[in-house]
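Here's the structure, in structure tokens; my notes come after.
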Protein chains: 2
Amino acid sequence: MTPQDGPAGAGRGDTVASVVRQWHRTRPDLDTGPIEIVGRITRCAALLQQTEDAPLRRAGLSRAEYDVLCALRRMDRELTPGDLARETFSSGAAVTKRLKRLTEAGLVARRVDTRDRRVAHVSLTEEGRAHVDAVLPAQLAFERGVLGGLAESDAQELGQRLAELLQLLEGSLGGPRPAAF
Amino acid sequence: MTPQDGPAGAGRGDTVASVVRQWHRTRPDLDTGPIEIVGRITRCAALLQQTEDAPLRRAGLSRAEYDVLCALRRMDRELTPGDLARETFSSGAAVTKRLKRLTEAGLVARRVDTRDRRVAHVSLTEEGRAHVDAVLPAQLAFERGVLGGLAESDAQELGQRLAELLQLLEGSLGGPRPAAF
DNA sequence: CGAAGATATTTTCCTGGTAAAACACCTGTT
DNA sequence: AACAGGTGTTTTACCAGGAAAATATCTTCG
């Protein structure tokens with residue numbers, strides 16, 4: 001069996017580099033530039049998702065539940081389900097399900113708006129606040145550890161380039177507009 | 001209502017920048033560095049996922065199906081379901097389901113291995129090959145368009161930094177090892 | 001040869017997400 | 001006051017994915 005490109009070749013780089021090399025061989029006419037970015041972002045996101053799930057699991061939270069708790073914590077006020085949907089970039093149905101679970105766990109509380117009975121106001125319970133205040137630093141420390149292998153200047157650079165890209169994507173794709181005013 | 005941070009403030013940057021500012025106000029003790037990278041990668045991935053779904057939809061393919069077709073195309077040989085699972089970073093169950101759909105659509109064909117009846121060999125049909133050969137450049141052009149707002153040098157820089165991060169993640173997290181040898 | 005251990009793939013079961021529909025409620029107009 | 005249009009949230013129906021179990025098959029060992 002002839003050696004073929006694999007991601008693990010000595011000094012051959014990341015898997016996307018390997019994929020790009022395969023395309024060059026199979027379809028040399030293709031502009032693979034987008035793959036270098038899109039493919040890597042997708043792969044990095046997937047791997048980071050795996051890692052961040054592990055510490056949260058210890059705390060009995062899914063990533064999605066954590067996101068809800070964080071939104072409530074960082075905005076530091078009551079939010080409606082609609083607010084939460086916008087803050088977490090998800091659908092109303094997803095938020096409803098998450099809130100059901102979080103309410104049952106005693107981490108969030110809800111009350112109906114006095115002036116508009118369609119609206120619910122959601123807040124962290126004491127327990128919920130304590131929970132997220134405990135989990136948050138652990139999670140961030142974990143992520144810091146994962147990123148630790150990057151030189152600080154490279155990490156800064158990466159953050160900046162990603163910010164540019166994100167701004168571009170949010171601008172050109174009608175990015176979300178959370179209700180923050 | 002006092003103005004509060006939102007992602008859309010004039011010149012206030014991307015949503016993650018806004019989130020980070022909220023954390024600085026609410027929990028100034030936190031090291032938000034990881035959010036600058038992890039948060040942005042996650043958001044970029046989500047937004048890019050939305051965009052790449054739109055062109056593929058015109059071609060009647062989901063992202064997952066496209067990935068399978070691409071793996072077959074770029075490796076340019078028959079692959080087993082296990083190969084495909086590794087190449088697309090998914091589970092065997094997911095591959096089984098995708099192959100079912102693609103087989104029904106006449107885009108891939110399968111045959112049982114002659115020496116080991118557990119093993120199936122999957123290949124693109126003529127139609128499948130033509131399909132992916134048509135969709136691929138359109139998809140890449142679309143992605144190139146989306147990334148076009150980035151200065152070329154910034155895009156290069158981003159690709160490189162992402163490659164470093166991906167290599168790090170794949171190394172430290174026991175990254176995947178597709179069967180490419 | 002038979003049994004144990006391993007492996008490739010599929011099936012089963014469950015989870016969590018989304019789009020659309022449903023429901024309740026609000027606002028503005030006549 | 002009645003009605004139309006709009007809105008916030010939940011419910012419904014469906015989908016795709018993964019983990020674990022199931023099934024079929026292979027390899028090795030005594």
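Below, each value reflects all heavy atoms present in this structure, side chains not excepted, and no hydrogens, waters or symmetry copies. In what follows, every chain begins at residue 1, and chains take the letters A, B, ... in the order their sequences are listed.
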Across all chains, not counting sequence neighbours, the side chain to side chain donor-acceptor pair (under 3.5 Å) partners of Arg117(A) are none
Sequence neighbours excluded, the answer for side-chain contact (heavy atoms from CB on, under 4.5 Å) partners of Val19(A) is Trp23(A), Arg74(B)
Short N-O contact, Arg115(A) and Asp113(A), less than 4.0 angstrom = no
Do Asp67(B) and Leu84(B) come within less than 4.5 Å of each other through their side chains, counting heavy atoms only?
-> no
Any chain of hydrophobic side-chain contacts (each under 4.5 Å) joining Leu30(A) to Leu147(B)?
-> yes
Chain B contact limits on DNA chain D, taken 5' to 3' with a cut-off of 4.0 angstrom to heavy atoms | dA16(D) to dC26(D)
Is any NZ, NE, NH1 or NH2 atom of the basic residue among Asp76(A) and Arg129(A) found under 4.0 Å from an Asp or Glu carboxylate oxygen of the other?
-> yes
Within the sub-3.5 Å range, which N or O atoms of nucleotides 16-18 of chain C have a protein N or O partner, and how far apart are they?
residue: dG17(C); atom: OP1; partner: Arg98(A); partner atom: NH2; Å: 3.4
residue: dG17(C); atom: N7; partner: Lys97(A); partner atom: NZ; Å: 3.2
residue: dG17(C); atom: O6; partner: Lys97(A); partner atom: NZ; Å: 3.1
residue: dT18(C); atom: OP2; partner: Ser91(A); partner atom: N; Å: 3.2
residue: dT18(C); atom: OP2; partner: Ser91(A); partner atom: OG; Å: 2.6
residue: dT18(C); atom: O4; partner: Lys97(A); partner atom: NZ; Å: 3.1

Could you tell me which non-hydrogen atom of His131(A) sits nearest to which non-hydrogen atom of Ala59(A), and how far apart they are?
-> NE2-O, 3.1 Å
Partners passing side-chain contact (heavy atoms from CB on, under 4.5 Å) against Arg144(A) (at least two apart in sequence or in another chain) = Glu152(A), Asp31(B), Pro34(B)
Grab the two heavy atoms, one from Pro81(B) and one from Leu99(B), that are nearest each other, plus how far apart they are.
-> CG-CD1, 4.2 Å
For the pair Glu104(B) and Arg101(B), find out whether any cationic side-chain nitrogen is under 4.0 Å from an anionic carboxylate oxygen.
-> no
Within residues 106-119 of chain A, find the residues that approach DNA chain D with a heavy atom at under 4.0 Å, and present them sorted by residue number.
-> Arg110(A), Arg118(A), Val119(A)
